[in-house]
2 protein chains.
Amino acid sequence: MATSTSAARNSSGEHPFATDLNWLLHRVAAGLGSAQDEAARRHGLGVRDYAVLRTIAEGTPTSQLALGKDLGLDKTTLTAVLDRLEGAGLVVRRPAASDRRTRVCEATESGRDLADRAAKDVSLTEQELLVALKPEEHRLLVTLLRELAFGPFADAAPVSGSCI
Amino acid sequence: MATSTSAARNSSGEHPFATDLNWLLHRVAAGLGSAQDEAARRHGLGVRDYAVLRTIAEGTPTSQLALGKDLGLDKTTLTAVLDRLEGAGLVVRRPAASDRRTRVCEATESGRDLADRAAKDVSLTEQELLVALKPEEHRLLVTLLRELAFGPFADAAPVSGSCI
DNA sequence: TATTGTTATACTCTATAACTATA
DNA sequence: TATAGTTATAGAGTATAACAATA
């Protein structure tokens with residue numbers, strides 16, 4: 001008889017969602033996301049803070065709306081993140097000269113420094129978790145996901161859940 | 001000069017997270033998840049309800065704890081889902097003969113029917129969204145994600161967020 | 001009148017802890 | 001004493017709507 005502690009299996013003896021793309025995506029995203037969140041928190045940032053800070057630090061100064069659209073974040077969510085980052089002296093918001101409704105976000109020097117240090121740590125965490133994949137498999141995975149992220153999902157609803 | 005409505009771009013003119021695996025995963029997972037959630041709701045189920053129902057319908061009867069472990073769901077989350085499913089007459093919980101603490105979940109006939117119909121609709125939605133990928137690319141993506149999901153992430157924390 | 005960004009609020013979701021019952 | 005499952009609850013996170021300032 002089957003042990004009562006064994007996990008659910010379908011008639012093929014396989015994990016019931018072994019071939020379900022949505023389940024696999026969420027499972028891997030949750031695993032990687034929480035690991036990277038932990039790495040980012042060692043620098044005093046959540047993954048979302050980290051994502052926003054890195055975008056600001058590496059990109060050209062932009063309005064908050066453009067920032068949110070690009071990251072797939074709601075503007076009210078972004079306000080809270082920027083309040084934290086600005087309060088920590090990592091980012092400054094200044095009114096745009098051309099349109100004083102918009103506020104342009106720029107990273108301070110310490111913001112850029114922190115973004116760099118955190119990025120190193122986060123990417124190290126990623127490498128540790130992805131030893132199961134060969135380098136070319138890793139690249140392939142990124143390529144495939146990019147086709148989807150910038151194709152059918154380019155205008156998808158904002159991402160919910162705290163890991164991005 | 002750059003338009004004020006353009007999205008944030010890094011110095012290479014590329015989307016700042018174009019190569020960030022975590023961001024790509026969350027973005028694609030959110031897009032696919034919300035599309036499939038919509039499909040499942042046409043059958044009166046959220047995606048999570050759908051995932052649980054399908055696992056019960058297709059698998060061998062198991063305890064709730066095993067079910068939750070397999071799906072990556074907390075037991076308290078699972079209780080709420082099962083309450084809904086049982087209230088709708090799709091699932092029955094009966095005490096296990098061998099250990100009366102555990103309750104075994106089984107799908108009713110109408111539960112299996114609904115799971116089948118919803119599965120067709122959900123997979124149709126997936127196909128529509130994945131036209132950007134060739135069939136072998138789709139299979140490749142699943143294979144790569146499986147290696148991660150059942151490897152380094154097999155014992156990861158429960159999935160948060162409502163799309164699984 | 002439309003848009004950027006902020007604030008306040010209500011809602012959803014989740015896990016923690018405490019509890020019951022069985023073992 | 002430990003485990004399966006339930007309940008209650010508090011906390012986090014999110015989006016909706018109303019608002020101020022500017023266009």
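Computed from a predicted model, the values in this text were never measured in an experiment. Residue numbers start from 1 in every chain, and the chains themselves are labelled A, B, ... in the order their sequence lines are given, proteins ahead of strands.
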Asker: Just the rounded figure in Å: distance from P of D:dA23 to CZ of A:Arg101.
Answerer: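 It works out to 7 Å between those atoms.
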Asker: Among all residues two or more places apart in sequence or in another chain, which pass the side chain to side chain contact (heavy atoms under 4.5 Å, CB included) test with A:Arg41?
Answerer: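 Scan of A:Arg41 (side chain to side chain contact (heavy atoms under 4.5 Å, CB included), adjacent residues dropped) gives A:Asp37.
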Asker: Would you say a side-chain N or O of B:Thr79 is under 4.0 Å from OP1 or OP2 of D:dT6?
Answerer: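 Answer yes for this pair, as a side-chain N or O of B:Thr79 is under 4.0 Å from OP1 or OP2.
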Asker: Please state how far atom NZ in A:Lys69 lies from atom C1' in C:dT3, giving the value in whole angstrom units.
Answerer: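 Atom-to-atom, A:Lys69 to C:dT3, this comes out as 15 Å.
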Asker: Does the base of D:dA4 carry an N or O that pairs as donor and acceptor with the side chain of B:Ser63 under 3.5 Å?
Answerer: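 It does not, because no donor-acceptor pair links the side chain of B:Ser63 to the base of D:dA4 below 3.5 Å.
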Asker: Whole angstroms only, please: what is the CG-C1' distance between A:Leu78 and D:dT14?
Answerer: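 Atom CG in A:Leu78 sits about 14 Å away from atom C1' in D:dT14.
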Asker: Side chain of B:Asp99 only, heavy atoms from C-beta on: which candidate in D:dG13, C:dT7, C:dT22 is closest?
Answerer: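 In terms of side-chain proximity for B:Asp99, the closest of D:dG13, C:dT7, C:dT22 is C:dT22.
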Asker: Grab the CZ-C1' distance between B:Arg48 and C:dA15 for me, whole Å please.
Answerer: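 In whole Å, C:dA15 C1' lies 12 Å from B:Arg48 CZ.
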Asker: With the threshold set at 4.0 Å, does a side-chain nitrogen-carboxylate oxygen contact exist between A:Glu106 and A:Arg112?
Answerer: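 No, this pair does not count.
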Asker: Counting only side-chain nitrogens and oxygens, does A:Thr76 get under 4.0 Å of the OP1 or OP2 atom of D:dA15?
Answerer: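 Negative; the distance criterion is not met.
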Asker: Using whole Å, report how far CZ of B:Arg94 lies from C1' of D:dA4.
Answerer: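 Nearest whole value for this atom pair: 16 Å.
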Asker: Where each residue is assigned the nucleotide of DNA chain C containing its nearest heavy atom, which of B:Asp74 and B:Arg100 is assigned the position nearer the 5′ end?
Answerer: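 Its nucleotide being nearer the 5' end, the pick is B:Asp74.
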Asker: Where the side chain of B:Thr102 is concerned, which of C:dT4, C:dT6, D:dA4 is the nearest nucleotide?
Answerer: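 The answer is D:dA4, which lies nearest to the side chain.
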Asker: What is the distance, to the nearest angstrom, from the CG atom on A:Leu73 to the P atom on C:dG5?
Answerer: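 Going from CG in A:Leu73 over to P in C:dG5 covers 14 Å.
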Asker: Distance-only, no hydrogens or angles: does the B:His43 side chain make a donor-acceptor pair with backbone N or O of B:Leu45 under 3.5 Å?
Answerer: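 No: the side chain of B:His43 does not pair with the backbone of B:Leu45.
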Asker: Can you tell me how the ring of A:Trp23 sits relative to the ring of A:His15, calling it parallel under 30°, perpendicular over 60° and tilted otherwise?
Answerer: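 Judged by the thresholds at 30° and 60°, the geometry between A:Trp23 and A:His15 is tilted.
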Asker: With a 4.0 Å heavy-atom cut-off, tell me which residues in residues 82-92 of chain A come close to DNA chain D, sorted by residue number.
Answerer: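 Here the set is empty: none.
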Asker: Please report the distance, rounded to the nearest Å, between CD in B:Gln64 and P in C:dA21.
Answerer: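 Going from CD in B:Gln64 over to P in C:dA21 covers 17 Å.
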Asker: Tell me, do A:Val122 and A:Arg54 make a side-chain contact under 4.5 Å, heavy atoms counted?
Answerer: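 No, side chains not in contact.
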Asker: In whole Å, what is the span from the NZ atom of A:Lys75 to the C1' atom of C:dA2?
Answerer: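 Result: 12 Å.
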Asker: Counting the atoms with a prime plus P, OP1 and OP2 as sugar-phosphate, which does B:Thr77 contact under 4.0 Å by heavy atoms, base, sugar-phosphate, or nothing?
Answerer: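 Result for B:Thr77 = sugar-phosphate.
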Asker: Salt bridge between B:Asp83 and B:Arg93, side-chain N to carboxylate O under 4.0 Å?
Answerer: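 Judged by the 4.0 Å cut-off on N to carboxylate O distance, B:Asp83 and B:Arg93 do form a salt bridge.
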Asker: Are A:Arg27 and B:Phe150 in a cation-pi contact, defined as NZ or CZ under 6.0 Å from the six-membered ring centre and within 45° of the axis?
Answerer: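 Because its charged atom misses either the 6.0 Å distance or the 45° angle limit, A:Arg27 does not stack over B:Phe150.
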